[in-house]
Novice: 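Here it is, the structure, as structure tokens.
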Amino acid sequence: MFTSIVQAIFAHAKKNPSKLCVVDDAKALTYDEYVKKALKIGNFLKLLGIKNGDKILVEASQSVDFLAVKLACHLIGAIFVPFIANCPAQKVISFIQKITPSLVLLNRMDDERQESITTSALTISSLIAKASCSECLTNFSFPEEHDVSEILFTTGSTGDEKGIMISFANNVAIAENVIHGVLMQEDNIEFILSPFNHSHGLRRYYANMLKGATVVMQNSVVYVKNVFDKIDKYHVNSMDMVPSALTLFLKLSQEHLSKYQDSMRYIQLGAAPILEGNKEKLRKLLPKTKLYNMYGSTESGVSCIYEFSSDTKANCIGKPAYNSTIFVVDDKRQEIKSNREQPGYLACKSKANMLSYYGTNTQSVTDVLQNGIVYSNDVVYFD
């Protein structure tokens, strides 16, 4: 129905302008307010000289401003490149060297960053303040589905971070995987606690925007009282977090989560394995809530989905997602009939698969992506 998440947001703003769209610690915007904010930012970015195809490097945060900057970039054809928050200046410089951005947007500008970063840079807060006085962007068009939406960096868990080039069509397909996987409804109000520099958190935001739902966000689960205050205030009925955050959240919140067993539709997790003990705790605290583990990678978003609310099969990654075809191959990429005695390597054919790696040689791309299929080093078998 939509060729980009951008188009979907504007359609929902036209259809339901007063519906709550995005919420953070400081503000809560309707779809209409969110779109107008992005249009002002987009116009100001154009006044700064940002052009179609320019790359903008942005320090991530769980904030409406961060997401509005992202939407604004897409409205003017700029490629959005998020990076992890609060990293030292030298790390910022390494990202700059990798992608040569036209503009760097930071959460803070300390002395070290001021002295070291020579590329044109602003704080996000100053950009937002200046853009608020700007007119709304009027001359724009929605992105084409195969245009590059963003460059997402992997976590670097298996070596140096790799830049993953993602199209607008990829993001729609990934959002569809999430929507169909969790049976998302239009009145969904999802609390996303996963960081937005990483593909996992951003893709949950995309799913809710494609559906026309509401996203609530916060930087950390450490502030447990704030989490529950937001759940109560905004009537949150679903949540997303990474497994490490879940461990901390379960420890800090004690049994309080059980209060929401009648209202919490689902909790989805991903980006890392979930401790079996945490799965069992969730099942006990929220016996009526659907619990999902989303398996995938930056290269191939949400490949498989495992609903573990009642199933206790250890190490299971679930069934193929809505837009994914999963098969198992040997070390020569030949499909095999796998089982416990003959495991193989996971392969995924999907509209959600990345376009390519950024700034790497052809061979490194071919090692992972070929004919629209992403090949993983993960050893799996069909049971």
Novice: Under the side chain to side chain contact (heavy atoms under 4.5 Å, CB included) rule, collect the residues that match up with D24, sequence neighbours excluded.
Specialist: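 Result, side chain to side chain contact (heavy atoms under 4.5 Å, CB included) vs D24: A26, K27, S63, V64, M217.
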Novice: Return yes if a side-chain donor-acceptor contact under 3.5 Å exists between Y306 and D311, otherwise no.
Specialist: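 Yes.
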Novice: Not counting sequence neighbours, which residues clear ring-ring contact (aromatic ring centres under 6.0 Å, His included) with F80? List them please.
Specialist: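 Listed in chain order: F66.
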Novice: So T247 and N278, side chain to side chain donor-acceptor pair (under 3.5 Å) or not? Walk me through it.
Specialist: CA-CA 7 Å; T247 299; N278 285 346; 2.8 Å; yes
Novice: State plainly whether the residues K225 and D229 are in salt-bridge range, i.e. N to O under 4.0 Å.
Specialist: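 A salt bridge links K225 with D229.
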Novice: Minimum heavy-atom separation for S309 and K290, please, with both atom names.
Specialist: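 That would be OG-CA, 3.2 Å.
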Novice: For D240, enumerate each residue passing the side chain to side chain donor-acceptor pair (under 3.5 Å) test, keeping only those at least two apart in sequence or located in another chain.
Specialist: S194, H200
Novice: Under the side chain to side chain contact (heavy atoms under 4.5 Å, CB included) test, which residues partner V172, sequence neighbours left out?
Specialist: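 With sequence neighbours excluded, V172 shows a side chain to side chain contact (heavy atoms under 4.5 Å, CB included) to I5, E176, L210, given in chain and number order.
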Novice: Using the side-chain contact (heavy atoms from CB on, under 4.5 Å) rule, take L269 and F308 through it: C-alpha gap first, then chi angles, then the decisive distance, then the call.
Specialist: CA-CA 11 Å; L269 301 109; F308 62 91; 4.0 Å; yes
Novice: Is it the case that atom CD in Q261 sees more than 12 heavy atoms from other parts of the structure closer than 6.0 Å?
Specialist: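 Atom CD in Q261 is packed in, count exceeds 12.
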Novice: Which residues pass the ring-ring contact (aromatic ring centres under 6.0 Å, His included) test with Y345, sequence neighbours left out?
Specialist: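 So Y345 forms no ring-ring contact (aromatic ring centres under 6.0 Å, His included) with any residue.
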Novice: List for me each residue that meets ring-ring contact (aromatic ring centres under 6.0 Å, His included) alongside H180, sequence neighbours excluded, and say none if there are none.
Specialist: Y322
Novice: For F2, which residues count as a ring-ring contact (aromatic ring centres under 6.0 Å, His included) partner, sequence neighbours excluded?
Specialist: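 F2 satisfies ring-ring contact (aromatic ring centres under 6.0 Å, His included) with H12 once adjacent residues are dropped.
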Novice: Can you tell me which residue pairs pass the salt bridge (Lys or Arg N to Asp or Glu O under 4.0 Å) test with a partner in residues 75-88, sequence neighbours excluded?
Specialist: none
Novice: Over all heavy atoms of both residues, which pair between V242 and A271 is shortest? Give the atoms and the distance, please.
Specialist: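 For V242 versus A271, the nearest heavy atoms are CG1-CB, 4.1 Å.
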Novice: Can you name the closest pair of heavy atoms from P82 and I151 and give their distance?
Specialist: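 Closest approach of P82 to I151, heavy atoms only: CD-O, 3.5 Å.
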Novice: Under the criterion ring pair (Phe, Tyr, Trp, His ring centres under 6.0 Å), which of F249, Y223, F191 is the partner of F228?
Specialist: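 So the option named by the test is F249.
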Novice: Check the side chains of N219 and S61 for a donor-acceptor pair under 3.5 angstrom, ignoring hydrogens and angles.
Specialist: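 The answer is no; no qualifying pair exists.
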Novice: Can you name the one residue among N237, T214, N208 that meets side-chain hydrogen bond (donor to acceptor under 3.5 Å, both in side chains) with E190?
Specialist: N208
Novice: Can you confirm whether more than 12 heavy atoms, excluding those of K36, are under 6.0 Å from its NZ atom?
Specialist: no
Novice: Identify the two heavy atoms, one from K98 and one from F153, that lie closest to each other, and give their separation to 0.1 Å.
Specialist: CD-CE2, 3.9 Å
Novice: Between E299 and V374, what is the shortest heavy-atom contact and its length?
Specialist: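 Heavy-atom minimum between the residues: O-CG2, 4.0 Å.
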Novice: Would you give me the side-chain donor-acceptor pairs under 3.5 Å for residues 47-56, sequence neighbours excluded?
Specialist:
{"residue": "D54", "atom": "OD2", "partner": "K51", "partner atom": "N", "Å": "2.8"}
{"residue": "D54", "atom": "OD2", "partner": "S102", "partner atom": "OG", "Å": "3.4"}
{"residue": "K55", "atom": "NZ", "partner": "I99", "partner atom": "O", "Å": "3.3"}

Novice: Checking S350 side chain against N323 main chain: does a donor-acceptor pair fall under 3.5 Å?
Specialist: yes
Novice: Heavy-atom distance under 4.5 Å between the side chains of V178 and Q268, does that happen here?
Specialist: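 A side-chain contact exists here, since the closest heavy-atom pair is under 4.5 Å.
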Novice: Can you list everything that forms a side chain to side chain contact (heavy atoms under 4.5 Å, CB included) with D110? Sequence neighbours excluded, please.
Specialist: R108, E112, R113
Novice: Give a yes or no on whether a salt bridge exists between R283 and E280, defined as a side-chain N under 4.0 angstrom from a carboxylate O.
Specialist: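 Judged by the 4.0 Å cut-off on N to carboxylate O distance, R283 and E280 do form a salt bridge.
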Novice: Roughly how far apart are R204 CZ and S238 OG, rounded to 0.5 Å?
Specialist: 12.0 Å
Novice: Going by atom types only, do N170 and Y206 share a side-chain donor-acceptor pair under 3.5 Å?
Specialist: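 Not at all, the side chains of N170 and Y206 share no donor-acceptor pair under 3.5 Å.
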Novice: Using a 4.5 Å cut-off between side-chain heavy atoms of Ile, Leu, Val, Met, Phe, Trp and Tyr, which other residues end up in the same hydrophobic cluster as I336?
Specialist: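 Noted: I336 shares its cluster with Y295, I317, I326, V328, L346, V380, F382.
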Novice: Among residues at least two apart in sequence or on other chains, which ones pass side chain to side chain contact (heavy atoms under 4.5 Å, CB included) with A68?
Specialist: Y34, K37, I41
Novice: Please work out which of the three classes, parallel, tilted or perpendicular, describes the rings of F140 and F10, given edges at 30° and 60°.
Specialist: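 Correct class here is tilted.
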